[in-house]
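Here's the structure, in structure tokens; my notes come after.
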Amino acid sequence: MGQRDWTQRVSEELGYYVDYGPSPRKHTWGCAMISKFPIVNSTHHLLPSPVGELACAIHATLDVHGRPVDVIISHNGQEENPLDRRLQTTELARIMRESQNPFIFTGYVVTKPHAENYKILYDQGRIHDIDPTDSDRWCQYIGYRGLKRVGYARVSRGTITDTEIQVGKFAVPLPGEDISAWKPSYKRVDEAHYAPEYHFPKVFRGKGVRGHFYHVFKEPRYFD
């Protein structure tokens with residue numbers, strides 16, 4: 001394939017798992033998932049798009065240290081048609097709402113923070129925003145449920161893509177641990193609050209490397 005299948009190459013070199021969702025051949029932006037953890041189950045979705053471009057999503061269940069954790073990767077339509085984006089977001093919320101597992105959402109939603117589609121995603125999907133105070137977002141969002149959110153960081157994109165990088169760190173409950181009462185904490189703590197294995201890489205502090213550095217907040221944020 002002339003080294004053009006970068007998902008396969010990355011997964012093979014790092015020993016990760018990969019799943020391809022609806023591709024551009026199905027008239028979507030295309031979705032792919034690369035996971036450090038085994039993919040137990042995967043469902044591909046073409047989200048409702050009655051007016052504009054089709055939108056893709058992957059809903060997968062991962063085996064994370066013996067605990068099933070659901071993940072959605074999605075790419076909604078662009079800003080041309082509000083109806084498409086609302087219906088696509090509503091369908092994503094339904095998928096998340098009906099799952100009983102801990103959940104992580106990472107998707108390209110195309111909405112301002114706390115706007116209508118944002119509220120549909122988080123309220124109807126029964127997930128929490130990784131950092132609701134981050135007002136400098138337009139397309140990419142991270143949400144979670146049934147997990148302890150450790151930290152959140154923004155990394156500049158450099159020249160390799162047109163979209164910035166958002167990174168979250170989570171702690172997964174032990175198998176059999178009751179998570180029904182878990183609620184998010186938005187109390188900020190210092191990096192030293194967590195063991196080094198939970199820390200974000202120091203290489204992106206200051207000027208960073210190859211055009212990638214912590215921006216917006218200038219450093220990672222950690223939460224209790």
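Keep in mind the model is a prediction, meaning the values are calculated, not measured.
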Does the ring-ring contact (aromatic ring centres under 6.0 Å, His included) test come out yes or no for H59 and F103, once each step is laid out?
-> CA-CA 10 Å; H59 173 207; F103 216 112; 5.5 Å; yes

Check for a donor-acceptor pair, side chain of Y141 on one end and backbone N or O of T111 on the other, with a separation under 3.5 Å.
-> yes

Short question: side chain of R154, backbone of D136 - any donor-acceptor pair under 3.5 Å?
-> yes

Residue pair S49 / D84, side-chain donor-acceptor N/O under 3.5 Å = no

Do you reckon W138 sits in the same ILVMFWY cluster as L121, going by side-chain contacts under 4.5 Å, direct or chained?
-> no

Just by modelled atom types, is the Q140 backbone N or O under 3.5 Å from a matching donor or acceptor in the Q166 side chain?
-> yes

Considering only heavy atoms from C-beta outward, does the side chain of Y214 approach that of P220 to under 4.5 Å?
-> yes

Which heavy atom in A171 sits nearest to a heavy atom in V150, and how many Å separate them?
-> N-CG2, 4.0 Å

Are side-chain N/O atoms of T7 and Y20 paired as donor and acceptor at under 3.5 Å?
-> yes

Establish, for the pair R149 and Y144, whether the NZ or CZ atom is under 6.0 angstrom from the six-membered ring centre and no further than 45 degrees off its axis.
-> no

Would you please classify the geometry between the Y108 ring and the H75 ring as parallel, tilted or perpendicular, with 30° and 60° separating the classes?
-> parallel

Quick check: are there more than 12 heavy atoms from other residues, nucleotides or ligands sitting under 6.0 Å from OH of Y186?
-> yes

Listed once per pair and sorted, the disulfide (SG to SG under 2.5 Å) pairs that draw on residues 179-224, sequence neighbours left out = none

Measure the shortest side-chain to side-chain distance between Y17 and I34 over non-hydrogen atoms and say whether it is less than 4.5 angstrom.
-> no

What pair of heavy atoms forms the shortest contact from V40 to L62, and how long is it?
-> CG2-C, 4.2 Å

Distance from L46 atom CG to L54 atom CG, nearest 0.5 Å?
-> 6.0 Å

For the residue pair T133 and R221, confirm or rule out a side-chain donor-acceptor distance under 3.5 Å.
-> yes

Look at the side chain of R205 and the backbone N and O of E219, then say whether any donor-acceptor pair between them is shorter than 3.5 Å.
-> no

Judged by atom type as modelled, is there a donor-acceptor pair below 3.5 Å linking the side chain of Y194 to the main-chain atoms of F223?
-> yes

Does D190 use its side chain to pair, donor to acceptor, with the backbone of H193 at less than 3.5 Å?
-> no

For R86, the salt bridge (Lys or Arg N to Asp or Glu O under 4.0 Å) test, sequence neighbours excluded, returns none

Say whether, by atom type as modelled, one donor and one acceptor occur between the side chain of S156 and the main chain of F213 under 3.5 angstrom.
-> yes

Can V209 be reached from V155 by stepping across I, L, V, M, F, W or Y side chains whose heavy atoms are under 4.5 Å apart?
-> yes

Identify the heavy atoms of E191 and K202 that sit nearest to each other, and give their distance.
-> OE1-NZ, 3.4 Å

Looking at NE2 of H45 and SG of C56, how far apart are the two atoms once the value is rounded to the nearest 0.5 Å?
-> 11.0 Å

Any donor-acceptor pair under 3.5 Å from R67 side chain to E177 backbone = yes

Sub-4.5 Å side-chain heavy-atom contact between L83 and P50 | yes

Where is the tightest heavy-atom contact between P132 and Y118, given as atom of each residue plus distance?
-> CB-OH, 4.1 Å

Quick check, are the ring centers of Y152 and F217 under 6.0 angstrom apart?
-> yes

Could you state whether I127 and V71 fall into the same hydrophobic cluster, counting links through intermediate Ile, Leu, Val, Met, Phe, Trp or Tyr residues with side-chain heavy atoms under 4.5 angstrom apart?
-> no

Is the backbone of D70 close enough, under 3.5 Å, to the side chain of N101 for a donor and an acceptor to pair up by distance?
-> no

How far apart are the closest heavy atoms of P102 and G146, and which atoms are they?
-> CB-O, 3.7 Å

CD1 of I120 to OG1 of T89, rounded to nearest 0.5 Å, is 6.0 Å

L47 backbone acceptor or donor facing Q88 side chain under 3.5 Å = no

Distance, nearest 0.5 Å, that separates CZ of R145 from OG of S99 = 5.5 Å

What's the shortest heavy-atom distance between R85 and N76, and which atoms?
-> O-ND2, 4.1 Å

With rounding to the nearest 0.5 Å, note down the distance linking CG in L92 to CZ in R97.
-> 11.0 Å

Are Y122 and I130 joined in one hydrophobic group, where the rule is that I, L, V, M, F, W and Y side chains link up if heavy atoms are under 4.5 Å apart?
-> no

Are H65 and F37 an aromatic pair by the rule of ring centers under 6.0 Å?
-> yes

Given the rule in the side chain to side chain contact (heavy atoms under 4.5 Å, CB included) test, do V69 and T61 qualify, once you have shown the distances and angles that lead to the verdict?
-> CA-CA 6 Å; V69 175; T61 300; over 6 Å; no

Flag side-chain contact, heavy atom, 4.5 Å: S42 against I58 | yes

Verify salt bridge (charged side-chain N to carboxylate O under 4.0 Å, His left out) between E116 and K119, making sure each step is shown before the conclusion.
-> CA-CA 5 Å; E116 179 184 5; K119 293 176 181 177; over 6 Å; no

Indicate, with yes or no, if the rings of F204 and F200 have centres closer together than 6.0 Å.
-> no

Hydrophobic cluster identity match, V109 and I104, side-chain contacts under 4.5 Å | no

Answer yes or no on whether K148 is positioned over the face of F170, meaning its NZ or CZ is under 6.0 Å from the six-membered ring centre and within 45° of the axis.
-> no

Paired with R137, the side chain to side chain contact (heavy atoms under 4.5 Å, CB included) test is passed by just one of V216, D129, D131, I142, namely D129

Ionic contact status for R9 with E12, cut-off 4.0 Å | no

